[in-house]
Each structure stands twice: as C-alpha cells, then as structure tokens.
Amino acid sequence: MKKRLLITVAALCCCLSASAGNGLFSRLHAGLEWGGSFTVLNHYHYNYLDDAVGFRINEEAVRGMFNLNGYFAGYAGMDVAKELNLSLLLGYESIYDGREVMPLSIRLNWYPSGCHSDGLLFFADTGSGIRKSDSMVKRAQIGTGYRLSLSDYSSLDLRLGIRICHDNPDVWDPVEEEYISRRNILRNDAHYFALNFGLVIEF
Amino acid sequence: MLTSCIAETMKPNLKIIAALSVMFFCLPAAGGGFSVGTYNSLKGFGICMNANTESGIRNSYTLYADTFDVLNGKYNTPGIKAVFLHYNRLAGFSTEKARIDLLLAPGATVGYVRDYNSGGHYGICSCVDFSTCCLASFDRGIEIEFGFDIELGVLGRRLGDGIELGLYRNGVSRGYFPHVKISYRFR
C-alpha cells in the first residue's frame, strides 16, 4: 500500500509540472458519492484444522450469489491534466453480509471530453478497507459512467463499476455450528466480485 | 365493484402502498413549474416531485422506502413513507449558471414503518415534519437539494385486539441523517 502510494505521488508530481491550468485552487475538487453494489460471485479457499474430526480440511470453490449492499464516500482530488483527475476517497462500505469497512482508495478518473464537460468517463481505483477489529480488506474497482456538467465547477456523474475485494473472513464449521478458531486456520482467502452503481456530485 | 375485488385480494401492506401511490401520483402540478427526481438518504430511497408556485413557495412530495434495519441486514423488507413539505425561501443568491437557495419547511409524514422499539413489527406513523435544505438549481434543468428533516409524531401498531400508540422515535433519532434529492426541472 505504501509503495503504491509513493508511486502515485511521484506520478502526480510529474503530471502537475506538465499540466496546464488557471491555478492550483481551480483544479482542486471535492465530492460525495453513494450507491449500491450487487455481490454476484464469491471465490474462497479455506484450509483449516478441524479439532472435531482430527484432520485438515481444504475447501476451494466459486459460487454465485446475489447480495445487495450499499456504500457512501467523500473524496478530494485534483485535475492533474485536462482530461485526468486524481482523487483520494474515504467512506463506508458493506462488501458482504456483516462485513462493513471504511474504504481508503486512490482513484484515477479519465474524462475524454474534458474534466468539466458532458461526456463519458472511465475510472479505476485501488486501496484498502479499514476495519477496527480484523485485518484490512484489499479492494480495487474499474468502471465507466457519464458526466453531466452542471456549472464550471460542479458536475453530476452516473457511474457503473466492477469491484473486487479480497478478505480473510472467519470460517464457519457447519458440523459444530461455530466459527473455526483463528489458530486452526492455515488459509482463509475470499474474493468478492460486485457490480457497483452510484451517483457522484462534485463541486 | 372492480376496485373492491382488487382490494379484497391484496395483502394489507400492499393496500397501504397502493393508496399512498394513488395519493402521490394524483397530485396537481403548480403553476410555476415542477421537477421530478430521486430521494437518497440513509433513511431510505425513493422518488420526489417538487412544484414551484409563482410566489416562490415550493411544495415537495416524496414517496420513499424506509430502510430502517434493512441496510444493516436485520430485515429484508422496508417500510414506506409519504412526505409533504411546504418550503419557504429564506435566502438565496444567483451565480452565472445556478441559483442557490436556503429553504425552510413545515410538513407532514405518514407511513407504514418499523420503529426503534417496535420489535420488528410494522405500524402506521403520522408525524409533523420540520425540514431545512439548501437547493441548487442549475440552468440545464437539474436541481440538487441537500437537507435535514425531523419528524415529530406517533406510531400506532396492533397489539393483540387493540392498538398501541407511542412516540415515533426514529423520526427524531434519525433526524441528523441528511437527504439528497436530485431532480430534473421540466419547466
């Protein structure tokens, strides 16, 4: 995460020196976004020692599902070029049933028609989901959308994206009907694929 | 006879939803133009219609699904609320492409919802609303409203053979949740 952040800051400095603009403050923007996400696919790989049966169990599978969750976030960013915007995003998101995180991500937005004109947009972001108790969730998203320019400095975006999250969830033992103790878990990787849709107001 | 047959076959909560929907869609539009859009909040999601009169009054009608205990996964089915707000303009200014107004409104809310201490059971709430919002109206016809509202009222739910009336707590305790309405202005 730190290495990714350093590379991004270095890229930002290069872009700033090459970009044209009216001034620094006119290129700073902030916004709010909210929306829903449909988690449609779950890949998991669990490997744990089951005390009840006395041997190791290895499970790996991909399963389809339909789980509706929500998210909202605030972000602040800068137009690093005529068509590029780099933002830092912090919010609150539910990635799966009972798994809520605070995502902290860096997002790159590309507006082929210009940062403040009507037109298609494309974005990609990557970061972590912070939780109080457990390990962090790694997340990444790519997507597209449409920007409606409301004024010189404000706009409304409709966005659609595909989000991937990597988590280390607790493993449920269906026989004992309890969670496997963490000290018995050798591997508990889970990936969640979701379709995100949302609205963004930028000002 | 047809409507009575339809009413007989519908479940009670669907009857209420149908009645609220009829009330919402049969409202006349005011002379100063109107806008239609979406209502977005942690309290719920729905649709709204705003009618502006020529004297500067803005009447707002909102119908939304109340997502109390739904967003956290406790229950799967939301409640439903209909809200009427009578906005008065307090202050405002215009920029090149937009007009920003500060509005204050009294209003009323009725709904079929759960409450904080209703044990997951639905009841009918009837409240007086107080709302304040900042409205941005852009030249291209889009209106964005950001505001807060507090609902003071009662919730009545069936308890055995009788009805229990109590304070509708969510109307006050969730008053700090903001709402955002995004609408398109037709004229």
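Residue numbers start from 1 in every chain, and the chains themselves are labelled A, B, ... in the order their sequence lines are given, proteins ahead of strands.
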Surrounding [atom1] of [X] (heavy atoms of other residues, nucleotides or ligands, distance under 6.0 Å), is the total greater than 12?
X       : atom1 : value
I163(B) : CD1   : no
Y116(B) : OH    : no
R158(B) : CZ    : no
R169(B) : CZ    : no
L186(A) : CG    : yes
I162(A) : CD1   : no

Heavy-atom distances under 4.5 Å only: say whether L199(A) touches chain B with side chain, backbone, both or neither.
side chain
Carefully, step by step, assess D139(B) and L150(A) under the rule side chain to side chain contact (heavy atoms under 4.5 Å, CB included).
CA-CA 8 Å; D139(B) 281 353; L150(A) 302 174; over 6 Å; no
Within the distance-only criterion (no hydrogens, no angle test), does the side chain of R140(B) pair as donor or acceptor with the backbone N or O of L148(A) below 3.5 angstrom?
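Between the backbone of L148(A) and the side chain of R140(B) there is no qualifying donor-acceptor contact (under 3.5 Å).
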Measure the [atom1]-[atom2] distance between [X] and [Y] for me, rounded to the nearest 0.5 Å.
X       : Y       : atom1 : atom2 : value
T95(B)  : Y153(A) : OG1   : OH    : 11.5 Å
N40(B)  : F72(A)  : CG    : CZ    : 13.0 Å
L156(A) : I182(B) : CG    : CD1   : 5.0 Å

Just wondering, do W34(A) and V180(B) contact through their side chains at under 4.5 Å, heavy atoms?
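They are in contact (side-chain heavy atoms under 4.5 Å apart), so the answer is yes.
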Looking at D118(A), L32(A), N67(A), which makes the most heavy-atom pairs under 4.5 Å with chain B?
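Highest number of heavy-atom pairs under 4.5 Å: D118(A).
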